Trainee: 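Before we start, here is the structure in question, set down as structure tokens.
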Number of protein chains: 2
Amino acid sequence: MSGKLERLFTPRAIAVVGVSQDPVRPGSQAVRALLQNGYRGGIFPVNPNYPAHEGLRCYPSVAAIEAEIDLAIIGIPSRGVNAVIAECATKKIPYAAVLSGGFREIGPGGAALQDEMVALARAGGMRLVGPNCLGYANVHDNVYAAFGSITRPPKLWPGPVSLVTQSGGFGYSIAIACAQEGMGFRNVIATGNEADLDAIEFIDALIDDAETRIVVAYIEGLPNARALLELGRRAARAGKPLLVWKGGITEAGARAAATHTANLTGSYDFYRALFRQAGIIEIREIHEAVDLVKALQARKLPHGRRIAVMGGSGGSAIVFADAAEQAGLAMAELSPLTTERVSRVIPAIGSALNPVDFTAGYIAGGGGEKFRAAVQAVIDDAAVDAVCINFATTAGDAARVGAEALGEIARATNKPLFAFLSTPREFAGDALAILDAERVPTLPSPVRVAKVIAALASYRELRERAAAPAGEPAPARNGVQRIAIGPRMSETASKAVLERIGITVTRDVLVQSADEVPLERLRAPFVVKIASPDIGHKTDIGAVKLNVAGREALGAAVQEVLAAAREHAPRAAIEGVIVSEMVTGGFELLAGAVNDAVFGPVVVLGAGGIFAEALNDRTCRIAPFGREVAVEMLGELRCAAMLRGLRGNPAASFDAVADVLVRLSRFAWDYRDTVAEVDINPLIATPQAAIAADALIVGRHAG
Amino acid sequence: MSGKLERLFTPRAIAVVGVSQDPVRPGSQAVRALLQNGYRGGIFPVNPNYPAHEGLRCYPSVAAIEAEIDLAIIGIPSRGVNAVIAECATKKIPYAAVLSGGFREIGPGGAALQDEMVALARAGGMRLVGPNCLGYANVHDNVYAAFGSITRPPKLWPGPVSLVTQSGGFGYSIAIACAQEGMGFRNVIATGNEADLDAIEFIDALIDDAETRIVVAYIEGLPNARALLELGRRAARAGKPLLVWKGGITEAGARAAATHTANLTGSYDFYRALFRQAGIIEIREIHEAVDLVKALQARKLPHGRRIAVMGGSGGSAIVFADAAEQAGLAMAELSPLTTERVSRVIPAIGSALNPVDFTAGYIAGGGGEKFRAAVQAVIDDAAVDAVCINFATTAGDAARVGAEALGEIARATNKPLFAFLSTPREFAGDALAILDAERVPTLPSPVRVAKVIAALASYRELRERAAAPAGEPAPARNGVQRIAIGPRMSETASKAVLERIGITVTRDVLVQSADEVPLERLRAPFVVKIASPDIGHKTDIGAVKLNVAGREALGAAVQEVLAAAREHAPRAAIEGVIVSEMVTGGFELLAGAVNDAVFGPVVVLGAGGIFAEALNDRTCRIAPFGREVAVEMLGELRCAAMLRGLRGNPAASFDAVADVLVRLSRFAWDYRDTVAEVDINPLIATPQAAIAADALIVGRHAG
């Protein structure tokens with residue numbers, strides 16, 4: 001590890017405070033793990049009651065250690081920890097891993113201890129891991145500042161994967177599952193209470209770590225979730241996949257998380273939006289993480305979504321095709337040349353189309369030469385982005401021969417090759433070992449192969465966008481006067497703000513009586529509605545009239561609206577009545593921005609009217625963002641088919657709506673210090689324009 | 001096996017036609033499998049060129065065998081098969097398993113051979129397995145009428161699971177995956193071309209087989225998919241779970257299936273509807289099948305959806321809670337008594353609420369006594385239907401102690417207990433062996449535990465309904481005159497049929513001119529539309545006018561509609577103009593019935609208007625069905641929220657719509673010989689009624 005946190009992960013000497021004759025004590029476990037795994041630096045156990053521990057000299061205190069120490073592992077009861085921290089600070093030890101529990105997680109008393117610990121560390125220029133954690137390991141250098149499962153068998157072997165987890169027990173389950181499938185690790189970190197170093201800072205350091213190629217994180221909550229956006233983009237630019245499992249995404253899960261840690265959980269919709277924008281790979285199941293890490297280790301991403309599948313098991317091909325289509329992949333159409341090349345080497349009763357059916361018992365024939373030729377022909381086809389070979393129940397020699405052939409092909413191509421093999425390892429005749437060594441990701445289900453190819457294709461698309469210089473709108477130019485934001489702005493004032501940022505609003509007048517309406521300037525039909533910052537659901541109380549035309553009807557509508565407001569909201573401050581040109585022939589959307597506690601400004605787009613009521617048809621993105629993201633949002637709405645125009649109806653202008661979203665995102669970001677919420681409801685999308693027909697802006701600290 | 005196909009599965013003597021010195025030949029593989037696995041009946045190899053085979057006397061022909069033979073296994077080239085079949089028939093052999101390929105799957109020549117084979121068998125009273133199949137095995141009795149993967153290691157061990165598969169290679173992958181997780185098998189059958197015995201008949205026999213407790217099937221297509229409905233209900237009544245994976249459910253999958261076999265695939269929506277109605281468990285992934293079979297073997301189904309989770313890993317509990325909520329489970333609220341009992345035995349820093357956090361390192365304490373008490377307290381709570389214990393990375397002695405405690409509890413309770421354990425088998429200190437033996441389903445992911453509990457809860461609900469005497473409407477009484485169905489009936493004639501079966505239709509008159517409309521009997525506003533069996537999309541050509549009121553407007557509307565029809569469909573036969581009372585204040589649905597080639601009559605319900613266009617919001621059920629199913633259909637529509645009444649709008653009458661669906665289902669079933677299609681579009685659901693505003697009935701053989 002070079003750079004960030006270097007001495008934390010590769011300490012030259014370690015003090016372990018809290019060793020004892022009880023081998024279960026965290027400190028004892030850490031010393032044993034360091035010794036057994038062959039850590040090459042100095043180990044300095046500390047306990048005033050022992051002269052020696054595990055054959056090492058045992059020190060009465062940290063201060064008594066003569067050597068320079070890079071890391072103190074602390075595993076004593078919480079009440080004694082802060083004295084040790086102070087001692088470490090005095091000795092200028094740069095890092096401590098506090099394994100002990102009894103801090104913030106137990107309540108106010110523990111929180112006070114934890115705060116004191118952080119203050120002592122800050123004062124002494126020390127950084128802390130934990131407290132209340134399993135600790136961490138640098139598998140390459142045999143650094144084990146840990147206890148529990150991290151130090152127990154199965155031992156992880158060295159490799160390119162690093163894991164950061166806010167749950168030791170669950171996160172390490174992911175590591176074990178990967179290790180069982182042959183994947184090796186660099187750093188594994190259980191972050192515990194995150195009194196000082198947190199998951200964000202660890203991920204940040206791992207992106208810079210030359211030995212880490214893939215980062216997997218299990219996260220329950222982040223006080224600053226937005227930081228993941230920049231991390232994801234940095235990881236994308238570094239070409240290092242970042243896989244994140246967010247726990248606590250449902251109400252039940254979040255409640256469970258609340259009893260577990262004090263972390264903020266945040267809306268999962270916002271997390272998912274952020275993952276897309278940052279090129280972060282979302283995981284939701286252990287074997288999903290295993291499959292993806294295995295495939296990512298091969299370092300070949302499909303350049304598109306056109307796949308071919310080959311095998312002797314028709315059922316496996318069908319199941320693969322089903323799963324592929326459901327995952328958004330397309331079966332490639334092989335070229336006539338490919339079909340001819342394949343036909344030449346497969347039995348006549350097979351099929352040289354995609355799926356290629358080379359019939360059962362084919363692979364081993366002629367030492368696998370024909371099989372190799374068939375696969376090579378398909379991989380050479382320009383219409384194919386990835387290939388899955390269904391070995392299915394192929395076993396013994398046939399499996400070995402097939403694996404060797406695939407290995408040869410894999411070495412010479414940049415296209416990803418995958419295999420489905422259901423034969424258990426012990427009956428597969430070295431096939432799995434060969435395929436692992438040749439980095440041909442091999443999974444025990446064709447469905448999993450299809451899902452992983454689709455995930456890699458999506459990752460490639462999102463990573464490219466995330467790595468590109470952000471396609472964000474330019475910030476407001478210098479010299480433009482800053483817009484003043486009130487605590488809860490009236491419709492008129494809110495629309496004035498929207499106009500200033502370039503969003504089209506309806507043509508309105510605010511009047512006290514119908515006589516004031518300049519009929520020569522406004523075109524009927526009109527919408528007539530009450531103007532009051534105190535009345536939220538105007539429609540529900542009858543304070544909105546649609547489709548009003550003619551002086552007489554206008555007069556009546558103004559009276560009715562005022563009367564309705566007086567009746568249903570007698571204490572509301574009434575600014576008057578707004579008369580607007582009614583927008584017809586459009587589709588109603590909702591657009592808005594919220595300033596979230598952990599994500600900052602987020603823009604939300606939803607369907608209006610019936611779709612909003614019945615379907616909760618919404619999507620969101622972290623602000624600010626550019627046109628491409630805005631268009632993507634529109635495509636995600638279930639009502640997108642309506643917007644595109646059905647049965648010959650004209651399509652709404654995606655451009656105009658996207659422009660509103662981009663401007664809104666820029667505004668929400670630039671004004672994050674003063675704006676809490678923007679609500680455009682409805683935003684009417686017509687074939688020519690997107691027009692804000694009503695709007696509300698709420699300032700921060702609005703009370 | 002008693003009863004159906006008894007001598008097929010437990011033959012007393014077997015002839016194997018097609019043995020040779022080449023050990024790869026299917027016949028040779030079958031003989032070796034019979035010998036190696038210890039089949040106890042007589043084995044009679046047949047090949048005129050050898051005096052002996054594998055130490056057995058080899059016969060020149062089937063006829064030359066003196067003993068009575070129950071089964072002939074045939075593995076010779078296809079051109080010679082039919083002569084052997086004829087010989088077997090002469091010898092009154094009741095069953096043959098034809099492993100040879102070269103039949104229907106290779107084209108017309110092979111199909112002719114296959115047809116001849118079936119004719120010979122029928123004439124001789126013989127039943128056939130295959131051809132073109134891996135064959136089958138009865139694992140309990142070591143009958144291996146098979147070759148390839150079924151005869152290769154890993155050997156399946158005896159147990160309660162039977163497998164029927166239309167794909168040998170893929171289906172057997174499911175068996176291998178189950179076997180790797182310790183599950184045992186009864187019969188495994190690869191059905192091949194299904195010239196005679198098909199998947200349906202095998203499943204039927206397995207439901208009656210006393211040794212089979214669970215049936216798993218992989219199916220690509222069924223010429224008579226409706227037969228699954230009765231099979232599922234029989235399985236439900238027998239208490240034997242039937243798990244079905246349907247391959248070829250997407251366009252890509254169905255295309256792949258078309259190159260593979262000639263089976264009909266059928267709409268997957270229809271399959272899924274049938275699965276629900278029949279209590280069949282749908283599977284879509286290999287480990288899903290493994291997890292479910294493992295859990296079903298424990299033979300404890302949750303009585304509801306309220307779950308509790310306990311463990312020392314907070315993250316595992318959060319992940320479990322997330323997955324549980326997403327799968328439709330609810331976290332149980334533990335009673336004060338339970339909480340008190342749990343509090344007494346867990347550490348103070350834990351949590352006695354659900355999820356119960358007994359903190360890390362707790363299980364082994366005091367020989368697992370406290371752990372046992374904590375789990376017992378939770379399982380005793382009447383508000384808890386199932387419990388998941390998160391062992392997570394617990395290893396060695398602690399895992400063993402925990403497993404023993406769970407085993408004890410499991411033996412004494414009918415509530416299902418599950419465990420999540422991520423520690424690999426070799427480090428789990430016998431825990432997995434103990435949990436397997438005690439039938440505590442243990443899975444390597446909390447997400448999988450949650451999904452399996454939800455699937456078991458659904459299975460229990462659906463099985464109860466499927467096993468109950470069918471809640472179907474009574475058939476039409478004797479004496480009721482049968483309704484005549486025309487090839488393509490006009491709206492008026494179609495509505496007359498609907499009225500006769502008790503479905504409300506709009507009040508209509510068919511007129512030639514506006515003068516004929518009896519305004520004293522019909523209430524405005526009206527819908528005016530062309531009456532012609534030849535014009536499908538009336539609205540699109542302007543041949544429908546809505547909201548017509550008054551004699552004058554009515555006259556104009558009638559003229560316009562006639563003119564539009566003449567202009568856009570000059571050759572259409574015009575019956576006149578229909579003037580209907582317009583139904584206002586209702587929600588538009590579509591209801592219909594189709595007479596499917598493989599499912600028979602199916603009733604479809606969908607949203608009308610904007611929802612139909614934008615969302616393809618539909619659901620279906622196999623006809624006939626009762627009220628409960630009809631109400632369930634309504635609940636499945638995305639527009640259900642609209643039907644229930646939003647923002648104070650009145651709810652549509654679910655009762656009235658359900659009544660229409662039930663009547664339609666009965667009609668579609670009773671008239672399946674003459675009705676091809678019924679289309680009610682729209683069916684208008686008001687708070688009081690469900691009214692067919694337009695209808696089309698198409699007779700079969702309508703050309």
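From a predicted model like this one, the values you see are computed outputs, not experimental measurements. By convention in this document, chain letters (A, B, ...) are assigned in the order of the sequence lines, proteins followed by strands, and residues within each chain are numbered from 1.
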Trainee: Would you mind checking which part of B:R152 comes under 4.5 Å of any heavy atom in chain A, side chain (CB onward), backbone (N, CA, C, O), both or neither?
Mentor: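 Only the side chain of B:R152 comes within 4.5 Å of chain A.
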
Trainee: Do B:N390 and B:P446 have side-chain heavy atoms sitting under 4.5 Å apart?
Mentor: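 A side-chain contact exists here, since the closest heavy-atom pair is under 4.5 Å.
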
Trainee: If you tally heavy-atom pairs under 4.5 Å against chain A, which of B:G101, B:S173, B:S149 wins?
Mentor: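 Ranked by heavy-atom pairs under 4.5 Å with chain A, first place is B:S173.
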
Trainee: Do you know which of B:A392, B:S445, B:C639 has the most heavy-atom pairs under 4.5 Å to chain A?
Mentor: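 Highest number of pairs under 4.5 Å: B:S445.
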
Trainee: For A:E251, which atoms come within 4.5 Å of any heavy atom of chain B: side chain, backbone, both, or neither?
Mentor: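 Both backbone and side chain.
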
Trainee: Using modelled atom types and a 3.5 Å cut-off, is there a donor and acceptor pairing between side-chain atoms of B:D322 and backbone atoms of B:V447?
Mentor: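 Flag not set: sc B:D322 to bb B:V447 has no pair under 3.5 Å.
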
Trainee: Determine whether A:I318 and B:F170 make a side-chain contact, defined as any pair of heavy atoms from C-beta on separated by less than 4.5 Å.
Mentor: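 Not touching, per the 4.5 Å side-chain cut-off.
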
Trainee: Given 3.5 Å as the limit, does a donor-acceptor pair link the side chain of B:Q326 with the main chain of B:A324, or not?
Mentor: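 Not at all, since once roles are kept as given, no pair shorter than 3.5 Å links the two residues.
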
Trainee: Which bit of A:T165 comes within less than 4.5 Å of chain B, counting heavy atoms only: side chain, backbone, both or neither?
Mentor: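 Looking at A:T165, nothing touches chain B.
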
Trainee: Under a 4.5 Å cut-off applied to non-hydrogen side-chain atoms, are A:S313 and B:S167 in contact?
Mentor: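 Result yes, sub-4.5 Å side-chain heavy-atom pair found.
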
Trainee: In terms of heavy-atom proximity below 4.5 Å to chain A, should B:Y218 be classed as side chain, backbone, both, or neither?
Mentor: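 Only the side chain of B:Y218 comes within 4.5 Å of chain A.
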
Trainee: Between the side chain of B:R284 and the main-chain N/O of B:K246, is any donor-acceptor distance below 3.5 Å?
Mentor: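 Indeed, once roles are kept as given, a pair shorter than 3.5 Å links the two residues.
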
Trainee: Given that the side chain runs from C-beta out, which part of B:F427 has a heavy atom under 4.5 Å from chain A: side chain, backbone, both or neither?
Mentor: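 Answer is side chain: those atoms of B:F427 sit under 4.5 Å from chain A.
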
Trainee: Which residue out of A:G148, A:A323, A:A395 racks up the most heavy-atom pairs below 4.5 Å with chain B?
Mentor: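 Looking at each option in turn, the highest pair count goes to A:A395.
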
Trainee: Under a 4.5 Å cutoff for heavy-atom pairs, which residue among B:I176, B:I106, B:T359, B:V319 has the most contacts with chain A?
Mentor: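 Result: the option with the highest number of such pairs is B:V319.
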
Trainee: If I measure from the heavy atoms of chain B, does A:P153 come under 4.5 Å with its side chain, its backbone, both, or neither?
Mentor: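 For A:P153, heavy atoms of backbone and side chain both lie under 4.5 Å from chain B.
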
Trainee: Please check this pair: side chain of A:E325 against backbone of B:A252, looking for a donor-acceptor N/O pair closer than 3.5 Å.
Mentor: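 Yes: the side chain of A:E325 pairs with the backbone of B:A252.
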
Trainee: Hey, are the side chains of B:F147 and B:V24 touching, using non-hydrogen atoms and a 4.5 Å cut-off?
Mentor: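 Answer no - side chains too far apart.
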
Trainee: Chain A heavy atoms under 4.5 Å from B:P154: which part of the residue, side chain, backbone, both or neither?
Mentor: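 Contact with chain A involves both backbone and side-chain atoms of B:P154.
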
Trainee: Select one option (side chain, backbone, both, neither) describing which atoms of A:F420 are under 4.5 Å from chain B's heavy atoms.
Mentor: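 The side chain, not the backbone.
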
Trainee: Under 3.5 Å, side chain of B:E288 to main-chain N/O of B:I283, donor-acceptor pair present?
Mentor: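 No, B:E288 side chain to B:I283 backbone: no donor-acceptor pair under 3.5 Å.
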
Trainee: Identify which of B:A317, B:A321, B:G110, B:G102 forms the greatest number of heavy-atom pairs closer than 4.5 Å to chain A.
Mentor: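 Greatest number of close heavy-atom pairs with chain A: B:A321.
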
Trainee: Determine the option with the most heavy-atom pairs under 4.5 angstrom with chain A, choosing from B:P424, B:A177, B:G107.
Mentor: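 The option with the most such pairs is B:P424.
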
